[in-house]
Amino acid sequence: MEYESVIGLEIHVELDTESKMFCNCSTRFGEEPNTQTCPVCLGLPGSLPVANEKAIEYVIKSGLAIGCDISLYSQFHRKNYFYPDMPKNYQISQYDLPLCINGHVDLDMDDYETRIGVTRIHLEEDTGKLIHVGGAGRIAGAEYSLVDFNRAGVPLMEIVSEPDIRTPEEAKVYAQKLRAILISLGVSDCSMEKGSMRVDANVSIRPKGSTEFGVKTELKNLNSFRSLQRALTYEIERQKKALEEGEVIVQETRHWDESKNRTSILRTKEYAHDYRYFPDPDLVPMQFDSSWIESLKAEIPELPDERKQRFIRRFGLPAHDANLLTATKAMGDFFEEAVSIYAGDPKAISNWILGDLSYYLNTENLEIDESAITPKHIVEMLKLIDNGTISGKIAKEIFPEMFETGKMPQAIVEERGMTQISGEDEIAKIIDTVLAENAAVVQEYREGKERAFGFLVGQAMRLTKGRANPQLVNKLLREKL
Ligand code: ADP
Ligand code: ZN
Ligand code: MG
């Protein structure tokens, strides 16, 4: 039987506000544990929460950026459960009146396009952070656990997608696109590594062509886009196998183990009614003027889709290039900065970014703004190629050193003595040597074997270790022959 996978993502994003969601403690990351707390975010009796307006603004802007309807009336609810990372025995969240509903994100998958619906975006408070000591750092097997409440009460936005995603690749592109949008809006730094963006993936499978949904599992501990894609790929295979062996899929939450490359059961499913949601009586409902919403709309900057169109129009880039270059804000910024200091063809810059630079970034698992290479490196290298100092082949050769050390291309080329030989006299001498050493091949060429010419060019390049200007070699060789 052929199966199709159905995926929906729940993405948590910590908002980049100065202060927490319901108190004025700082949200700064990486401070001494438990130094950024107060009676409100420690849940002490008698303390009262006050909603952070900036956080509400950020959620509404996020909703506007992905075409959501904004609720003019909204409310906070208490989600009741007990866990030691939460100082109260409830989390302030939203239930049936979220700030935003019915949005969508369009994905350009290169050979097809698809639209992923967004069910809702709501606002809640983050929990504290548990550190399990002993065992493998997970709660199972730990000797004891420590809790840091610095993160407790940090504004957290949850973006819930419709089950419209069909492949692990689409899931990755969707999450990356949302990240690019939110970073452009300036509402979060969306760092998967620091945990300011956390993705949970729901996945089920069904016979291809069926319109009913299968039973889903929810995957946790996806710490990178790579693990999101790998975990989904694994889980889809696991579900297929289970069905083929006559088992039933159980609705449960599963933990992704990156090092073992598999998922394992964490807990069986809890339901909304388990949480006994009710309106938080300490927080007044929110009522917004549509004029305020309009003013937020006016503040939305250029978003990735618009930027992509501008790259096509303004720089004459193919859609494929523009799509990849705007996939992250950092990559688009890098490209634009390079173009602004280079008089040549923007496509040449795009080629180096999407070619060699992306290749080395991928192998090192780095973002473009984390590497030693800057737009200045790329542009200096292109200028060296343009003025004939080096060939494209030499540029490729020095690229790894530039990537590793951040040394400028001119300096590397000088140090390694790799500048291109473009003097006619020098090249003429080399060609004389080649002709003298390959009399038999020269004879073949004169008898009409055109392939012999390529061989002779190759010999000249070999003698100069690739440094001879190829156009000049071709020209002078023809003349001499
Ligand atoms: P829950 O009751 O588990 O909270 P929801 O209906 O709220 O489930 O959906 C949570 C997430 O799971 C959403 O992103 C949704 O798109 C996705 N989802 C729902 N049903 C399925 C399914 N059968 N297969 C895959 N994903 C699903
Ligand atoms: Zn506080
Ligand atoms: Mg739900």
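Atoms within each ligand, like the ligands themselves, are counted from 1 in listed order.
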Salt bridge or not between [X] and [Y]? Use side-chain N to carboxylate O under 4.0 Å.
X	Y	value
R120	E158	no
R78	D280	yes
E244	K241	no
R254	E235	yes
E4	K208	no

request  = Report the part of V160 in contact with ligand 1, treating N, CA, C, O as backbone and CB onward as side chain, heavy atoms under 4.0 Å; options are side chain, backbone, both, neither.
outcome  =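 Side chain only; the backbone of V160 stays clear of ligand 1.
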Strictly by modelled atom types, are N24 and S19 linked by a side-chain donor-acceptor pair under 3.5 Å?
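Absent: no donor and acceptor within the cut-off.
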Hey, which atoms in ligand 1 end up nearer than 4.0 Å to a heavy atom of [X]?
X	answer
F213	23 (N)
P163	16 (O), 27 (C)
V6	24 (N), 25 (C)
S161	13 (C), 14 (O), 15 (C), 16 (O)
G8	14 (O), 16 (O), 17 (C), 26 (N)
E162	16 (O)
G214	23 (N)
L9	14 (O)

| query | Cation-pi between K88 and Y90: NZ/CZ under 6.0 Å from ring centre and within 45° of the ring axis? | reply |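 Ring-cation test returns yes.
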Around the Zn ion (ligand 2), list the protein N/O/S atoms within a radius below 2.8 Å, excluding water molecules.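 Short answer, with waters excluded from the count: C23 SG, C25 SG, C38 SG, C41 SG.
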Original post:
When you look at F149 and V147, which way does the side chain to side chain contact (heavy atoms under 4.5 Å, CB included) test go after all the steps?
Top reply: CA-CA 6 Å; F149 285 122; V147 62; 3.8 Å; yes
Trace of the side chain to side chain contact (heavy atoms under 4.5 Å, CB included) decision for M21 with E124 = CA-CA 8 Å; M21 188 58 227; E124 58 191 27; over 6 Å; no
Next on the checklist: Quick one, Y174 with V118, criterion side chain to side chain contact (heavy atoms under 4.5 Å, CB included). Give me CA distance, side-chain angles, the key distance, then yes/no.
Outcome noted: CA-CA 11 Å; Y174 166 79; V118 169; 3.7 Å; yes
Exercise for the section: Please step through side chain to side chain contact (heavy atoms under 4.5 Å, CB included) for the pair Y73 and F288, ending with a clear verdict. Expected result: CA-CA 7 Å; Y73 184 83; F288 309 116; over 6 Å; no
Proximity winner for atom 19 (C) of ligand 1, if only heavy atoms of E10, E212, R120, K216 are counted: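 The residue whose heavy atom sits nearest atom 19 (C) of ligand 1 is K216.
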